[in-house]
Each structure stands twice: as structure tokens, then as C-alpha cells.
Amino acid sequence: MESLVNKYVKRTSPTSLVIGKGFVPNMNVPGKVFANSTLEKLLLDEASEIASGSTGSFIPSLAQVANVAALPGIVGESIAMPDVHSGYGFAIGNVAAFDMDNPSSIVSPGGVGFDINCGVRMLRTNLKEEDVRPVQEQLAQNLFDHVPVGVGSKSLIGARTYSDIDQILNYGIDWALREGYAWPEDKELCEEQGRIVKADANHVSQKAKGRGMSQLGTLGAGNHYAEVQVVDEVFDATSAAVLGLEKGTVCMMIHSGSRGLGHQIASETVTKMESLQEQMGIQVNDRQLVCARIQSKEGEEYLSAMNAAANFAYANRSIMTFLARQAFAKTFNATPDDLDMNLVYDVSHNIAKEEMHLLNGEVRRLLVHRKGATRAFGPFHPLIPTAYQTIGQPALVGGTMGTASYVLLGTDEGMKTAFGSTCHGAGRALSRSKSRAMIDSMDVAERLREANVSARVASSHLLAEEAPQSYKDVFEVVQTCEEAKLSRAAVRMKPVAVAKG
DNA sequence: ATGTAC
């Protein structure tokens, strides 16, 4: 691996590396990794660790990005964001676009992720830091009490029947609006307006629907969280004003996705596509890159089930927004309306989308897989909300427990170099098992106290798994995106109170 | 990420 890296992986700018054809067999396009020298070192360490043979079937992210470049119908480059790390098939942080008018192009569930439409929603308030400090412990507790968290947590609210689930799968946020869980103005501030039209509940199994029924309006576990934050640095005052944010503004982020429902769809699709892979005649470098042609029955069915799961995730984040608004109302003895708890935005960072892009001077219809990557279209793109036309699409980037989060904004340059994409978070640096072995949960809890963060966590081993030391430095990631002009930073937030699985 | 395994 090391000699291959020396031969094929070259630095092309202070923020990018190219992975030349030949690094793995059958590459149709080169790979590109956005990384500064600090992040590059992490990637090379990961690659050399594999060479030492201690990690079983684990494939380092550089090789995963290259294997994706060998998939049929890929255009441009297989692109990795600065927070890239190894995932199932595709790396987490991989962006890959396939020409939808090329009959051999594929869609792969591993390019979307098991948590379909995992994403981040951000709300703001009219509260200031001094309002929240005296009550931050109560607020953390109220959030923890109102929003079901943890593995196997059950829904408090929402669907009662399979018919409800079908409507959620087909209508997304529009179901939540009709049922009174969302505010009308929330809709415009979600990517896709909170509802993907090409969704079909008929392509979602009863088993997946059953899992969704008991999990609607639940946060989940792992790196999912509901976090109260305070804006602590404004990089661009004009854009911040457009977003309704200023230094000291109290806001909150909800990071969650489609729960067991999306996971069930992904697992079933992987199994089905694996059994058909040979007869479909598609060669892949890694079993986990199992896929189907976009234009095949299997491809179309997966995309309509994936879109249905995306709609479930929009409804899920909407219900948790309802619950979080209630938690604030209780804490501050005011209505959510009094507190101006409006959406800033809602983004997806695990999805494949049909989009039009300019490629070599031609407009092309592409299926853009973004797995652990956020769409960040430049200013005046028609799919950006009216209010944000002048500033570009907001990309919401969550840090790790006790560290900063950011609102980034899409750029024209990112449209050209990354299909309008930027990073999604810090990106893991240590596996969960390594984190548990190396990091003491009590130590993490102590550090959170020192940082004046009130935390409520459903399971204690999560503290080690989700410790900042388990992740890359989000600052390096955001800085690299900025220097590479994939996005620019509008504001930074620090955490005040967090509820996690 | 995940009723963390068929």
C-alpha cells in the first residue's frame, strides 16, 4: 500500500491530492481528496496501518475513494471531503456523480449510507447566552426528557397505523405540517422543501415500516444528538444577519436520520443487489460496492425507497423539532413562538440526488451520491431558499461533544470542483472499539464540565466513543473547505447543553 | 448508523 501511495497519490495544491488511475484496477476517472497536510497525514497513517495487516478486511479511505472511481458511469472525479474516513463500500465523506443518461451508470446503497437522509437541522431563538446560562442544566434535562434518545428508544408521538407511515414516506414534512408538528415556514428552509416527490412507499417493506412506526420522532444513538449552542464567532456579519444569527444568539442543532427504517431498506437492498450482481454483469472492486444500474428495475426501486426513507427522516426531524420547541417552552416559561424558534436550515448528508451540473461546458443530468458530505450550492442557485439566494446554501457542520459547530455557505467554485458539496463534520479518527479501549468516559465527562457543557447521555460508553479525541479537528476540516473554496464559514457555535443516545 | 448476528 505504501509504495502504491507514493506512486499514485500526488499533492496538487495546498488543499488537494489526486489519486491517479492505476492505484486500484479499472479506474474510470481519477480520485481527488481535499486535505491539507495535517489531514493528509491521518489518511496516510490509516493506509499504512492497513499495510501492517492488523485490521482484517478494513479498506483505507484512499483505496475506497479509488474503488468508487472504478464504478460504471462515474463522471468527473471520485471526490473525498476533508473529513473523509473509511465506511461501508464508499468512504464516509465521498462524493460521486454518475451520468443518468448513460445506461451503464449505477446507484449504490453504500454510496448513500445505511442511515438514509441522516442530516442536521438548525433552529435559532431570540435568546442570548446570558438567558440560557442560569438554566442550562434544566434545559439539558428537559431536552433529554422530551426527545427519546438511545438505541431502541420508542416514539412518544406520531404514526399509529401503516397508513400513517405510508403518508409519511410519500409526503415527508407535509405530513408533519398537516398533523401540526411543523410550522408552515419550516418547509421552505429544508433542502428539497422537506419532501422528495419521487418517493414510493410501495417499495418499502412492511418490516421497514414496522421499525419506522415505533421510532418516529426519536433521535437514535452514536453521533446523533440534540444540542443547544451559542454563536461565539461571526466570520461574515452580512451573511450571519441573513441567517438571523449574531454573536451570543442561542440556537440548537438536531442531528438524526431515518433510524431503523432507513437501515432496514439499506440492508434489504444490499442483500437483493448482491444476489443479482453477477447476472447484472457489473464488476466492482469491493463486494461492499454492490450496486444496480440506475435505469434498471432494482435501481429505480432502491431510489424510490431511498427517497421514501428521506421523507421519513424529514418527518422525524420535524417531530423532534416540535419536542425541542416544547422543551424550550417549558424551560423558559414561554411559547416557542415567543422565542422565535425558527429554522435556520435543514440539510441532508447521506443521500443520492438527481441534479443538473455543468461538466466540461455541457449541462448534464447526474445522480450525485453524497455520503457524509453536504450539498452546498452557490449563490443564486434555483434550489436555494429565496431568503438565502444572495449568500449561498447553508451547510450545517456539527462538531463533536464539547467542540465547535459551524454554518458554512456554498460557493460558485464548489459547484465546479465538487458538484456543489462540502464537509459534514469532523470525521472519525479512531474506530469506536479503539475509542472505548483508549479513552476514559469519566475523563470526557470532566472535560465537558470544564467546558461548561451540560450533557445528558443515555449510555456511558458513548462518552468515550464520541469524545473529541475520537475525531479529527473540525477546525482543520472547515479551514480546508474554506481554503479550497468549497464553502466559506459564516458563523461558529459553541455547545452549551447536549442530549445524546 | 443499527432491535450492533443468520
Side-chain angles (χ1 to χ4, degrees), chain A residues 56-58 61 64 83-94 108-121 147-155 165 204-226 253-272 274-275 287-288 290 305-306 309-310 312-313 316-317 320 347-352 369-374 398 400-401 424-437 457-462 464-466 470-471 500-501:
Chain A
S57 61
F58 182 86
S61 37
Q64 290 192 317
D83 49 334
V84 69
H85 58 113
S86 185
Y88 184 90
F90 286 56
I92 295 158
N94 205 169
S108 174
V112 169
F114 277 64
D115 189 3
I116 296 165
N117 191 8
C118 186
V120 177
R121 173 175 287 203
V147 181
V149 301
V151 179
S153 59
K154 288 282 168 43
S155 182
I165 289 291
V204 176
S205 69
Q206 288 295 103
K207 191 171 180 185
K209 290 175 187 176
R211 289 180 73 172
M213 207 172 326
S214 58
Q215 294 180 336
L216 184 64
T218 67
L219 188 78
N223 67 357
H224 288 167
Y225 55 80
M253 271 188 181
I254 297 172
H255 177 207
S256 184
S258 52
R259 307 285 285 109
L261 180 138
H263 193 276
Q264 188 66 32
I265 291 169
S267 315
E268 288 170 10
T269 305
V270 164
T271 306
K272 191 204 274 180
E274 263 178 351
S275 71
R287 258 192 82 161
Q288 293 186 350
V290 64
M306 178 201 73
F312 180 90
N316 192 35
R317 289 198 286 275
M320 282 187 282
V347 302
S348 170
H349 52 229
N350 269 11
I351 200 158
H369 293 66
R370 290 190 189 85
K371 180 192 194 179
T374 314
T400 58
M401 278 193 309
H424 87 304
R428 286 203 84 87
L430 295 175
S431 69
R432 292 185 180 279
S433 53
K434 266 195 180 172
S435 297
R436 277 202 298 269
V457 184
S459 68
S460 60
H461 64 89
L462 207 89
E465 288 184 12
E466 296 299 322
S470 303
Y471 283 83
K500 277 180 77 73

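Because the structure is a prediction, the values reported are computed rather than measured.
Pairs passing the salt bridge (charged side-chain N to carboxylate O under 4.0 Å, His left out) check and including a residue from residues 256-270 of chain A, sequence neighbours excluded, do not occur.
One interatomic measurement links the two molecules: NE2 of A:H263 to P of B:dA5, which rounds to 10 Å at whole-angstrom precision. One can place NZ of A:K154 at 14 Å from P of B:dT2, the figure rounded to the nearest angstrom. Rounded to whole Å, atom C1' of B:dA5 lies 14 Å from atom CD of A:Q264. As a whole-Å value, the separation of A:Q215 CD from B:dT2 P is 8 Å. At whole-Å resolution of the value, CD1 in A:I116 and C1' in B:dT2 are 12 Å apart. In this structure, the CG atom of A:L462 is 13 Å from the C1' atom of B:dT4, given to the nearest Å. Atom-to-atom, OH of A:Y88 to P of B:dT4 comes out at 17 Å; the value is rounded to the nearest Å. Remark: P of B:dT2 and CZ of A:F114 are 12 Å apart, rounded to the nearest angstrom.
Counting non-hydrogen atoms under 4.0 angstrom, A:G152 reaches nothing in the nucleic acid. If you check every strand for non-hydrogen atoms under 4.0 Å, A:R432 touches sugar and phosphate atoms only. Nucleic acid contact class of A:A221 (heavy atoms, under 4.0 Å, all strands): sugar-phosphate only. Within the 4.0 angstrom heavy-atom criterion, no nucleotide atom of any strand lies near A:G257. Within the nucleic acid shown, A:K207 comes within 4.0 Å of at least one base atom, counting heavy atoms only. Using a 4.0 Å heavy-atom criterion, one finds that A:E465 contacts no nucleic acid atom at all.
Position along DNA chain B of the nearest nucleotide to A:E466 versus A:V151 favours A:E466 as the more 5'-ward residue.
Using cut-offs of 30° and 60° for the angle between ring planes, the A:F114 and A:Y88 rings count as perpendicular.
By the 4.5 Å heavy-atom criterion applied to side chains, A:K500 and A:M401 are counted as neighbours. Residues A:S258 and A:H263 fail the side-chain proximity criterion, which asks for heavy atoms closer than 4.5 Å.
For an aromatic pair to be called close, the ring centres must be under 6.0 Å apart, and A:H424 with A:H255 fails this.
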